[in-house]
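Here's the structure we're looking at; comments come further down.
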Amino acid sequence: MISKLKIGTRLIIGYVAIASLTGIVSIISYQQFNLLHLPLKQEIPAGLKEIERTSYLDSLAQKIQYDDQILTEAVRSYARTGTRKWKYRYFDIEPKLAKTIQEAISKGDDEDKKIFSELFTAKKMFGDIEKQSIKAMDEGTQTKALELIEGIVYWQLKEEYKDKLKIYAERRGKQYGESLVVTSGKVDSIVNETHNLVLKSVRLLGIASVLAVIFAVIMGFAVSRSISDPIKMLQEGAQVIGRGNLNYRIDVKAQDEVGQLASAFNEMAFKLQESYLGLEDKVREKTKDLAAALEKIEQEKVQYEALLASIGDGMIAIDQDGNVMMINKPAEEMLGCKMSEVVGQPFDKVISSQDEKGEEIPYVKRPVTLALATGRRITSVAYYVRKHGERFPVATNVSPIILGDRAIGAIEIFRDITREKEIDQMKSEFISTVSHELRTPLTVIREGVSLVLDGVLGKTTEDQQKFLNLSLADIDRLKRIIDNLLDVSKIEAGKVGLKRELVDLVELAHHVIETFQSRAKMAGLELRLKVLNEGIAPLYLDRDRMIQVFTNLIGNAFKFTEKGYVEIQIEDKGEQIECAVADSGRGISQEDLPKLFNKFQQVGRGYGGEKGTGLGLSIAKGIVNLHGGRIWVESQLNVGTQFKFDLPKFSGRDVFQSHVIQSVKQAAARGTLFSVMAIGLRDPEGFKKQYGRETFDSHIAHIEEFSRSCLRQATDVVIRDANVVLLAISGVGKAEVVRVAERIDKLFADYLSKIVFAGTCMLLYGIASYPEDGDNGENLIQGALRRLSESRGQP
């Protein structure tokens with residue numbers, strides 16, 4: 001009977017039956033669980049709220065007992081040892097204990113309020129005795145302090161205090177000192193009743209569910225057999241036809257959807273049998289066309305591979321996610337890897353890129369990342385690392401692949417510039433050597449010309465003086481050229497060490513302007529300073545080098561400004577200070593801007609500008625970079641030019657730590673010693689309170705000055721950091737540093753005697769040396785500061 005029904009009708013009957021059973025079970029479930037409403041909504045929450053209140057009160061009682069033990073230990077330890085940390089600990093805990101007792105009074109019932117109120121009274125009485133004992137110790141009468149804290153009255157009050165806690169513990173059915181655990185018979189009773197009710201409901205629901213499942217299984221089995229048997233016959237027939245027997249027909253007599261499907265399937269098999277006769281001819285024709293297409297693709301592949309192989313430079317294709325798509329043969333040879341090894345790998349994992357110092361360049365700063373992010377062509381110079389670890393310099397050119405308005409990949413072309421680097425190094429070494437060799441004879445020539453000009457060797461005529469003055473000017477110009485060449489060589493070789501100190505940039509700018517004022521008047525130019533913020537804080541800079549930067553930029557502005565002004569601008573921009581040298585000169589064309597900071601580049605000579613070496617801007621850039629800043633130029637023809645540079649706001653500790661880390665690396669490479677020393681007063685905060693902040697700052701400033709005067713090497717550094725002065729001393733161990741400390745101590749003592757300082761002032765030292773006390777800069781600094789604290793008696 002059921003097999004004559006449509007599949008949809010059969011499924012509806014089965015679903016209605018199962019839904020009916022589900023409804024019955026749901027009604028039973030609702031009735032049973034409704035019985036749980038009262039205990040779950042009223043009785044259990046009320047019991048739990050009472051447990052919560054008493055549990056919190058018990059935790060307060062245990063905290064009161066624990067804090068009282070701490071206070072007793074602290075006041076007795078202070079009376080016996082005089083160590084101030086016990087006093088500080090007492091006055092830190094005592095108000096907290098009082099606050100805890102007050103909270104217990106507010107949270108308890110009437111009996112609890114009475115117990116804790118009496119407890120608070122007892123605590124106040126023996127607390128007064130404890131404070132009297134502390135005051136006696138502060139006044140230097142230890143005997144009195146001990147008598148108070150060990151007296152009978154004190155311990156009677158403590159016993160009364162303890163008795164109140166015992167009474168509270170007994171209310172909870174516990175002995176004094178035991179952990180308080182709250183129990184509630186009422187809640188237990190409610191839970192047991194609810195548990196029994198749940199068990200009863202679960203058993204009833206279990207019986208109903210089992211019956212429903214049995215009925216559903218029977219119904220499902222009957223319905224599924226009525227559907228699955230014809231489908232199985234249809235599946236077997238399809239498999240036979242699929243194996244190539246197109247003469248087979250499916251015998252399904254059912255009148256439902258499966259029967260209709262079987263008829264359609266038989267008709268399809270008949271049509272397949274008809275079309276199969278001409279299929280083989282069509283397949284042979286298509287196979288021939290496919291073979292021709294494959295041959296053409298193979299030829300194009302060979303052509304592309306030959307084209308890529310003919311490129312002498314390395315080439316890497318990267319997708320938008322930064323993964324390598326392909327590399328050519330020169331790239332494989334330079335990197336020491338195969339294309340099959342790197343395709344699909346992240347670009348930064350395949351190629352390690354380093355800067356001049358050998359430090360890894362972050363992925364976000366690499367040309368490929370910048371090209372994908374900006375959609376612009378990026379060029380740079382870096383060092384790539386071959387698979388076996390050897391690094392070599394490369395010049396890279398990355399072009400993004402643009403589709404629509406976004407970059408979907410990039411092509412990087414790079415070439416090995418080892419030979420160019422070697423030639424450039426040879427050139428720099430040659431220039432440096434020649435410059436050094438020219439210095440001595442040039443000095444002798446200048447001295448000789450000066451002697452003749454001054455008439456030391458006899459009276460000179462007016463024409464001779466004119467000629468000698470011209471010679472002297474050219475000699476000085478040649479000396480400046482030699483000095484610039486040496487500066488460029490040192491900067492490129494990384495041999496320029498910065499002597500950082502706190503420098504007021506505004507004051508420094510005023511000084512530079514004063515040196516150029518006479519030249520500005522002769523040129524008919526206005527030389528001015530514009531400070532865009534008030535109260536610009538000093539920075540840790542190399543004063544002489546920063547003067548050199550401003551001097552080079554202002555001198556460059558004078559060369560190409562015929563009228564108007566030359567202006568120094570200083571602006572605080574939060575994390576850095578931005579400086580600029582602006583002029584109203586003829587400006588620089590856009591195509592010349594990228595070349596300005598290159599060595600020996602001179603832009604603007606065609607306008608009649610003064611000739612130079614083309615090194616001033618290169619030197620300025622090197623000095624700014626050494627300070628962790630960057631320099632750039634903005635210009636418009638016939639409007640003016642602005643050379644801008646920013647300087648980060650490094651703290652004294654940042655500057656010192658950076659120097660120490662670098663110095664430790666150099667000491668490790670050379671096998672030499674290196675030491676760090678921290679100098680400070682015995683009690684800085686106490687000194688400020690007694691003598692004032694101004695006196696303290698004056699003392700620290702003189703300590704910094706004396707420390708600087710006791711150092712011998714240009715690479716040694718002195719930095720003030722908060723209340724201490726930090727020294728970094730190269731090439732010495734602890735014994736030599738101790739002698740430096742003794743010299744500083746003597747200079748400071750002489751200073752105090754001269755100002756007739758009415759007070760006590762002692763210098764303390766903390767010393768840490770490489771490699772004895774640590775193998776990195778951070779460990780040495782922390783070690784020196786820790787030993788300074790220990791000498792002050794601080795933990």
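From a predicted model like this one, the values you see are computed outputs, not experimental measurements.
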Exercise. Do F558 and F516 make the cut of ring centroids closer than 6.0 angstrom?
Worked result: yes

For this session: Taking the six-membered ring for Trp and the full ring for Phe, Tyr or His, determine whether the centres of F645 and F550 are under 6.0 Å apart.
Result: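 So the answer is yes for these two rings.
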
For this session: Give the ring-plane orientation class for F392 versus Y384, where under 30° counts as parallel, over 60° as perpendicular and anything between as tilted.
Result: perpendicular

For this session: Give the C-alpha distance, both sets of side-chain angles, the deciding distance and a yes or no for side chain to side chain contact (heavy atoms under 4.5 Å, CB included) between L727 and D716.
Result: CA-CA 7 Å; L727 288 75; D716 295 340; over 6 Å; no

For this session: Flag yes if more than 12 heavy atoms outside E575 fall under 6.0 Å of its CD atom; otherwise flag no.
Result: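 It does not: E575 CD has 12 such atoms or fewer within range.
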
Exercise. For atom CD of Q345, is the number of surrounding heavy atoms from other residues, nucleotides or ligands below 6.0 Å larger than 12?
Worked result: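 Correct, the count exceeds 12.
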
Salt-bridge criterion met for [X] and [Y] (N-O under 4.0 Å):
| X | Y | result |
| --- | --- | --- |
| K338 | E341 | no |
| R543 | E507 | yes |
| R528 | E567 | yes |
| D542 | R500 | no |

Exercise. Which of these passes side chain to side chain donor-acceptor pair (under 3.5 Å) with S352: R386, R391, E360?
Worked result: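 The single option meeting the side chain to side chain donor-acceptor pair (under 3.5 Å) with S352 is E360.
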
Is [X] reaching over with its side chain to a backbone N or O of [Y], donor-acceptor style, under 3.5 angstrom?
| X | Y | value |
| --- | --- | --- |
| N776 | E778 | yes |
| S635 | G640 | yes |
| T369 | K365 | no |

Exercise. Got a second to check how far D355's CG is from Y383's OH, nearest 0.5 Å?
Worked result: 9.5 Å

Problem set entry | Test item: P367 and T396 side chains (from C-beta on) under 4.5 Å apart, heavy atoms | yes

Problem set entry | Side chain proximity check, M546 to L505, heavy atoms < 4.5 angstrom | yes

Problem set entry | Closest approach of T561 to Y565 (non-hydrogen atoms, all atoms of both residues) | CG2-O, 3.9 Å

Exercise. Do H627 and F650 pass the side chain to side chain contact (heavy atoms under 4.5 Å, CB included) test, and can you show the C-alpha distance, the side-chain angles, and the key distance before you say yes or no?
Worked result: CA-CA 10 Å; H627 282 84; F650 293 130; over 6 Å; no

